[in-house]
Amino acid sequence: METVDEFAAQGGRHAAPVSYVDDAYYRRLLDDFSRWPQVEVQEPVVRERCRSVLEREARLLDQGRFEDWLALYAPRCAYWVPATPAAADPRREVTVSFDDRRRLEDRIYRLRTGSAWSQAPASRTVRLVSNVEVFENASGYLTRSNFLIAEFRAGETRMLAGWSGHRLAQHAGQWLIEVKQVNLIDCDQNLRNPSIVF
Amino acid sequence: MNISTFSDLARRDWDALVREDRVHRSIYTDPAIFELEMTHVFGAVWVYLAHESQVPKDDDFVTARLGLRPIIVLRDMNGKLRALYNRCTHRGARICRQERGSARAFQCPYHGWTYFNTGKLRGVPWPEGYACDFKDPQYNLAQVPRVESYRGFIFGTLNEAAPPLPEYLGPAARPIDQWLDRHPGGRVAVREANRLKFKGNWKLAYDNAADGYHVIFSHRSLLEMENRGEKDPSKGMSFYAGKPDEAPMYVQYLGHGHHFKDKRPNVAKRPGALWEMEAAHPGMEHYESAIRRKLGDKAARALDLAASEPVNINIFPNLSILGNHIQVIEPLAVDETHTTWYATAVVDEAGEFDGAADDINALRMRTQEAFPNFGEVDDATNFEEIQKGLAACEDEWVYMHRGLGVPGRVKGEPDGTLKAPATDEVFMREHMREWKRLMSSPPRVAVTRLP
């Protein structure tokens, strides 16, 4: 918070909320998503809770309900699509996408302008989410799941495949997504129109 | 106008296809013209291959393409830059299948022929089964005969008659120098890339590279996004709104197909002015504070290095230095193209920025992701839609005559370059004229092999 206050003291010029992303935030991302816990959570209730968040997320994205989708995310959140199979430090390397909450709002804002030509008309998608594994984390749960997105746009259907890591935690009694890391199997190759939210 | 076979092309009337104000659709759609381009254009001129920071040490390599030719760009065991054909001299298999790495020798996985990274054949399995002498140079790997670096940018040409690289770059060397010299030590390091592709001809990307006419329309969503919440839109490329041709920015044709879109004159000439035009990015507040705290008076200059440099420096046929990116245009087929946006990072070995280079780069990675995410995807969609539109075969022409014949618009400079207002298409007409010149005359293309 110190750095955010500093920025405000300088008369921070952004109308949108300030970014909470700093060195500590990046370090925690790298820690959480490079060392996966070994022991899976066994309780069916927890597993089912996590699974239902992932399935709801997939449905809301398929329905283009981006505002409702973002409501599944914690106030401080990250949407991270690495550009290499072994996710590099986002401070040192570019990613396919790295969004904090403000940039996620930007992303949705752009898609809603009606002049985001890469999504006009919008893609139709269906997402399959499977192979869900749940691990306990210091502040909540980490899930690892596989996805297959069938995307139809401009007369063609294509498949996007990969796995996602989610960090879930309880915020005011609700289980919210703190981080989603999307690992496309071809993330380090040239991607055609990567304009949907994966 | 039907163009169907290669032999037709030998008789092709290029003047009919590329006119002063328009070009024929077939130059974007005809597979035979594409095939010819791979030699007449990509075989004839200096083609960008890689950046030296991708092969910093002896034996480092990256794979690339020269036109469609699979190439290994490397620094050999003696430190010499080479561009080897990634093709076994025996049966033609690609010998190197990794995109990057370090190797002193390459062994073909098919029959085990092995080559030093100089291109020399090291040996073949069971040579007693051959009557030939493997010391014959014909068994060494083919390689691009001329490979040169201009301040880290590695180019190669197959054309013995091509001018020296500095002469080929000509007036384009100046904006490249300026782009590099704003960084500590006058250099950058290439990092990972935002990699995109589109189903369209490669020239659609090059035609767009200095196009100031499309910005306000193609990138409307980006501009609205960047300026949401702003009372007066001032972020990003807002200066294209209103009357862009009256703004101080300009487009300049530099010869040999190269051009330069210089938007720097739109930015106030004081440190920090460029940074103030950046829209919101993840981590902006924290890293800006950290840089200000660490650098004091030097902070504004450092922050400008995290901001997107407002230039497009386009080196025909396949390199665009855009913002802080090194974009490479790779043709794959007449209707398929890769555009790879290599990020660049600040390298501060002399400590000019007192250990703040990491903070600058942490910001600079985020600023560099913005355009591929929120701008280039819309460009690529428009390129694909052009390719689809050009299927209308009776509707033959593509126009690029904005500014042509308007008195006082295009001005000749003493150095032979041409300057015009930002939305002018003079740069397109001129690179098409160069394209026509190249397509009209077969180059003297040759590979070399070590003796």
Side-chain angles (χ1 to χ4, degrees), chain A residues 2-4 6-10 12-26 78 82-84 88-103 105-107 109-120 154-156 187-195, chain B residues 99 191-199 217-222 224-226 228-231 276 279-290 292-293 330 338-343 345 358-359 361-366 368-370 372-374 376-382 384-385 388:
Chain A
E2 181 196 6
T3 55
V4 169
E6 274 176 23
F7 184 80
Q10 291 162 18
R13 58 179 195 274
H14 297 294
V18 294
S19 178
Y20 40 80
V21 173
D22 59 12
D23 269 328
Y25 190 87
Y26 280 124
T84 48
D89 185 339
R91 293 171 294 180
R92 309 277 168 267
E93 298 287 359
V94 286
T95 64
V96 174
S97 300
F98 187 95
D99 296 1
D100 59 0
R101 190 172 186 98
R102 181 172 60 194
R103 185 166 273 190
E105 289 170 2
D106 280 348
R107 188 177 286 280
Y109 183 91
R110 191 184 88 85
L111 291 171
R112 295 289 189 226
T113 58
S115 45
W117 311 122
S118 49
Q119 282 297 307
E156 293 173 56
C187 66
D188 60 347
Q189 302 297 305
N190 292 71
L191 304 170
R192 187 178 175 201
N193 193 6
S195 58
Chain B
E99 286 157 0
R191 313 302 300 173
E192 299 292 346
N194 286 98
R195 296 167 187 270
L196 298 166
K197 67 178 168 187
F198 63 92
K199 297 290 278 181
F217 305 97
S218 288
H219 300 306
R220 190 186 304 164
S221 66
L222 169 66
E224 286 180 15
M225 181 195 95
E226 288 178 325
R228 75 179 173 108
E230 296 286 328
K231 282 196 198 75
E276 286 166 24
H281 298 286
M284 185 178 230
E285 291 82 357
H286 165 77
Y287 289 102
E288 179 172 343
S289 313
R292 288 196 190 283
R293 194 168 54 237
E330 283 185 308
H338 282 179
T339 59
T340 303
W341 297 63
Y342 290 97
D358 285 350
D359 299 303
N361 286 329
L363 268 181
R364 183 166 158 133
M365 294 304 129
R366 298 292 83 76
Q368 288 181 103
E369 284 158 5
N373 267 269
F374 306 120
E376 182 62 10
V377 284
D378 292 337
D379 279 335
T381 298
N382 284 330
E384 293 202 352
E385 292 295 335
K388 287 179 178 174

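In what follows, every chain begins at residue 1, and chains take the letters A, B, ... in the order their sequences are listed. Because only heavy atoms are used, hydrogens play no part in the values below, and waters and symmetry mates are left out as well, while side chains stay in.
Distance check, rounded to the nearest 0.5 Å: OG of A/S118 to CZ of B/F198 gives 14.5 Å. A distance of 5.5 Å separates CD of B/E330 from OG1 of B/T340, quoted to the nearest 0.5 Å.
For the set B/R366, B/E224, B/E226, the entry with the most heavy-atom pairs within less than 4.5 Å of chain A is B/R366. The residue among B/A362, B/A343, B/P372 with the most heavy atom pairs within less than 4.5 Å of chain A is B/A362. For chain B, the option among A/S195, A/A83, A/P90 with the highest count of heavy-atom pairs below 4.5 Å is A/P90. Note: A/W117 leads A/W117, A/Y26, A/Y25 in heavy-atom pairs under 4.5 Å with chain B. In terms of heavy-atom pairs under 4.5 angstrom with chain B, the leader among A/T113, A/T95, A/T84, A/D188 is A/T95.
Listed here is the closest heavy atom pair of A/E93 and B/E369: O-OE2, 4.4 Å. Smallest separation of non-hydrogen atoms from B/F374 and B/L222: O-CB, 3.5 Å.
A salt bridge links B/R292 with B/E288: the distance from a Lys NZ or Arg NE/NH1/NH2 to an Asp or Glu carboxylate oxygen falls below 4.0 Å.
Only the side chain of B/E384 comes within less than 4.5 Å of a heavy atom of chain A; its backbone N, CA, C and O stay farther away. The parts of A/R107 that come within reach of chain B are both its backbone and its side chain, each placing non-hydrogen atoms under 4.5 angstrom from that chain. With a 4.5 angstrom heavy-atom cutoff, B/K388 touches chain A only via side-chain atoms. Contact of B/F217 with chain A is made through the backbone alone, with heavy-atom distances under 4.5 Å. In this structure, the portion of B/A193 lying under 4.5 Å from any heavy atom of chain A is its backbone and not its side chain. With a 4.5 angstrom heavy-atom cutoff, A/A154 touches chain B via backbone and side-chain atoms both. Only the side chain of B/T381 has a heavy atom closer than 4.5 Å to any heavy atom of chain A.
The backbone N or O of A/R103 sits less than 3.5 Å from a side-chain atom of A/D100, completing a donor-acceptor pair.
By the 6.0 Å and 45° rule, B/R228 stacks over the aromatic ring of A/Y109.
In the model, B/D359 has no side-chain atom that pairs as donor or acceptor with a side-chain atom of B/H286 under 3.5 Å.
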